[in-house]
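Within every chain, numbering begins at 1; the chains are lettered A, B, ... in the order of the sequence lines, protein sequences first and strands thereafter. Below, each value reflects all heavy atoms present in this structure, side chains not excepted, and no hydrogens, waters or symmetry copies.
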Amino acid sequence: MNKNLQIYNSHSGKKESFESINKGFVGLYVCGPTVYNYVHLGNCRTFISFDLVYRYLQHLGYKVRYVRNITDVGHLESDADTGEDKIAKKARLEEVEPMEIVQQYTINFHETMKRFNNLSPNIEPTATGHILEQIDLIQKIITNGFAYEAEGSVYFDVNKYNKSHAYGSLSGRKIEDLMNNTRDLDGQQEKRNPLDFALWKKASKEHLMKWPSPWSIGFPGWHLECSAMSTKYLGESFDIHGGGMDLKFPHHECEIAQGTSANCKDPVNYWMHANMLTLNGKKMSKSADNSILPEELFTGKNKHFSKSYNPMVIRFFMMQAHYRSTLDFTEDAINAAEKGYNRLFDGLELLQKVKTSDKSSESVEILISAFYAAMNDDFNAPILVANLFNAVKFINHINDGKASISSQDKIQLDKAMKDFIFNVLGLKQDTEIKSSKLDSLMDIIVDLRKQAREDKNWATSDKIRDGLQKAGIQIKDNKDGKTSWSSH
RNA sequence: GGUCUCGUGGCCGAGCGGCUAGGCAGUGGUCUGCAACACCAUCUACAACGGUUCGAAUCCGUUCGAGACCUCCA
């Protein structure tokens, strides 16, 4: 097994050889969604990207503990630590309990992840379930002198922290630049410095979600939960922290500051950031009204695309781009991916039927090692996909008698392709329900058409063929005179 | 305004000093009653202008263009 894995660490800005803290084990933390709305396709890309990471680490034989949180409190409308809690706001608008909002969108999130064939994390902690841990963490930070209380709220002292550590090292910012560019100063009188961020906020009377603490009845700051939960389940320092590029600043920057100030050590060894998905050239975002929901894509009911798409086609589409590149989602691009996806699976299917020879005309070992080389190079899925297509071409050549494969190599190639397609890329074949009713119905239709063709009644045979095509069933007249059909 | 990233053939998208990326579309074939499907083969390229180098899409500089972050966002 080749474990020469290189990971691009956003903190150092370089590709680094991956070494886990505990041999054979990996701690992976990914920032999950704030469950106040449906996850859109852009959100999904991040989770699909890290699902690939999780899957490949497992494929390499690591025992991975994958933690992905659910943010169900503390995420305010504005990061100036003012404004309404996102979940509470939605609850007020819909006239339900905040926890009803949380429940509704958490369920939707899980269903969506399942459609995309994302594996579940090992632990999926919620912010509200870890209030005590968050309070403990705040206390530690206060004890170490990096936070102060003001009017029942607790703020992180960025200036003080920056004297001994580099605040901004992840996002490549200098504190002076940040100071000069802080615009929104409203409601920040309690802070010593506008860059300070809330660890604990005192709740107003009307505030729905609040808990007692040594400082006030209130709620935790958004950045805190990830620090508290990652520490609890993965330790004070762990291997990989992932999230969307847009969380780099301030969220992840604050996490580093919190973890470092509480435990006197850098909490994360490798930072990984997934890039954005754009829709017709612009960043997908709910607030900019430029987003699409997975469900709208699966059903085809949306204003951007004229047909529906299989979740696996969308996943495959995303695998054709590197996770650190922006990816533009357009109708042409997804249609191209759909055809490629079918080609890949047709090739895999053909491999099962292909005849073996004494010798292989091509080195299957080299073919397979290219799969690993691609993934070991910072999870380069597009290269992996290209290599899989090379394998498909080889398979087709074998089928045409232009190449050959030994029975042993066939078994190896089959195993490797299935491993990488199903277990690593996380694709799965259409579970199109071919009911026995449809099967027998098609037997009759195919038979009728066969009769018509024998009678040279082309009008009837073509009518059947074209009609079926419209219904999404592709008739195939094979060389041997037999007719088969498929519905992808 | 500040910080940063990126500009690759008709489209999507890898590569990032010398070696075919890949997919889709196009074109030419094979197959076919005609097709479709499928398969085979194949044409288009590195934003512009300078520089470094034996050699640059790949490094440096300038210009133009796009996007991200600095404010909620995956």
Next on the checklist: Rounding to an integer number of angstrom, what distance separates B/A14 and B/G65 when you compare their C1' atoms?
Outcome noted: 23 Å
Item to check | Test: A/R465 and A/D462 ion pair at under 4.0 Å | outcome: yes
Checklist entry - Can you tell me how far P in B/A38 sits from the matching atom in B/U44, rounded to whole Å? => result 25 Å
Item to check | Side-chain N or O of A/N335 closer than 4.0 Å to phosphate OP1/OP2 of B/G23 | outcome: no
Next on the checklist: Measuring to OP1 and OP2 of B/G67, would you say a side-chain N or O of A/K282 lies under 4.0 angstrom away?
Outcome noted: yes
Item to check | Residue whose closest nucleotide on RNA chain B lies nearer the 5' end, A/F329 versus A/N396 | outcome: A/F329
Checklist entry - So what does A/L344 hit on the nucleic acid, given a heavy-atom distance under 4.0 Å: a base, only sugar-phosphate, or nothing? => result nothing
Checklist entry - According to a strict under-4.0 Å criterion, is A/H397 in side-chain N/O contact with OP1 or OP2 of B/A41? => result yes
Next on the checklist: Under 3.5 Å, is there a donor on one side chain and an acceptor on the other for A/D378 and A/Y323?
Outcome noted: yes
Item to check | Rounded C1' spacing from B/A25 to B/C70 in Å | outcome: 41 Å
Checklist entry - Which value, in whole Å, describes the distance between the C1' atoms of nucleotides B/C39 and B/U52? => result 48 Å
Checklist entry - B/C4 and B/U62: how far apart are their P atoms, nearest whole angstrom? => result 13 Å
Item to check | B/C11 to B/G51 separation - C1' atoms, rounded to the nearest Å | outcome: 34 Å
Next on the checklist: Nearest to the side chain of A/F47, heavy atoms from C-beta on, is which of B/A74, B/A38, B/G33?
Outcome noted: B/A74
Checklist entry - Whole Å only: how far is the CD atom of A/E338 from the P atom of B/A25? => result 11 Å
Checklist entry - For the side chain of A/Q469, counting heavy atoms from C-beta on, which of B/A36, B/A74, B/A21 is nearest? => result B/A36
Checklist entry - Rounded to the Å, how far apart are A/L195 CG and B/U71 P? => result 9 Å
Item to check | By ring pair (Phe, Tyr, Trp, His ring centres under 6.0 Å) - contacts of A/Y233 (at least two apart) | outcome: A/H130
Checklist entry - What's the verdict on side chain to side chain contact (heavy atoms under 4.5 Å, CB included) for A/L5 and A/I7, showing C-alpha distance, side-chain angles and the deciding distance? => result CA-CA 7 Å; A/L5 176 63; A/I7 295 182; 4.1 Å; yes
Every protein N/O lying under 3.5 Å from an N/O of nucleotides 4-12 of chain B:
none

Next on the checklist: Strictly by Watson-Crick or wobble contacts shorter than 3.5 Å, is anything paired with B/U53, and which nucleotide is it?
Outcome noted: none
Checklist entry - Do NZ/NE/NH1/NH2 and the carboxylate oxygens of A/E94 and A/K90 come within less than 4.0 Å? => result yes
Checklist outcome for this item: Picking from B/U32, B/C70, B/A21, the nucleotide nearest the side-chain atoms of A/L178 would be B/C70
Checklist entry - Given the rule in the salt bridge (Lys or Arg N to Asp or Glu O under 4.0 Å) test, do A/R192 and A/D196 qualify, once you have shown the distances and angles that lead to the verdict? => result CA-CA 7 Å; A/R192 289 180 190 167; A/D196 292 353; over 6 Å; no
Item to check | Short side-chain N/O contact to B/C40 OP1/OP2 from A/K393, under 4.0 Å | outcome: no
Checklist entry - Within 45 degrees of the axis of the six-membered ring of A/Y8 and under 6.0 Å from its centre: does A/R324 put its NZ or CZ there? => result yes
Checklist entry - Can you tell me if the side-chain N/O atoms of A/R343 get under 4.0 Å from OP1 or OP2 in B/G23? => result yes
Next on the checklist: Would you measure the distance from the P atom in B/U5 across to the matching atom in B/G23 and give it in whole Å?
Outcome noted: 32 Å
Checklist entry - When all nucleic acid strands are considered with a 4.0 Å heavy-atom cut-off, which category describes A/G243: base, sugar-phosphate, or nothing? => result sugar-phosphate
Next on the checklist: Just to be sure I understand the rule, does A/K283 reach a base, reach only the sugar-phosphate, or reach nothing, if contact means heavy atoms closer than 4.0 Å?
Outcome noted: base
Checklist entry - Thinking salt bridges, do A/R55 and A/D51 make one under a 4.0 Å N-O criterion? => result yes
Next on the checklist: Tell me whether the ring of A/F389 lies stacked over the B/G23 base, given a 5.5 Å limit on centroids and a 30° limit on the plane angle.
Outcome noted: no
Checklist entry - For B/U3, which nucleotide in any strand shown is its Watson-Crick or wobble partner with both distances under 3.5 Å? => result B/A68
Next on the checklist: Of the listed nucleotides (B/A21, B/C37, B/U32), which one gets closest to any side-chain atom of A/Q474?
Outcome noted: B/C37
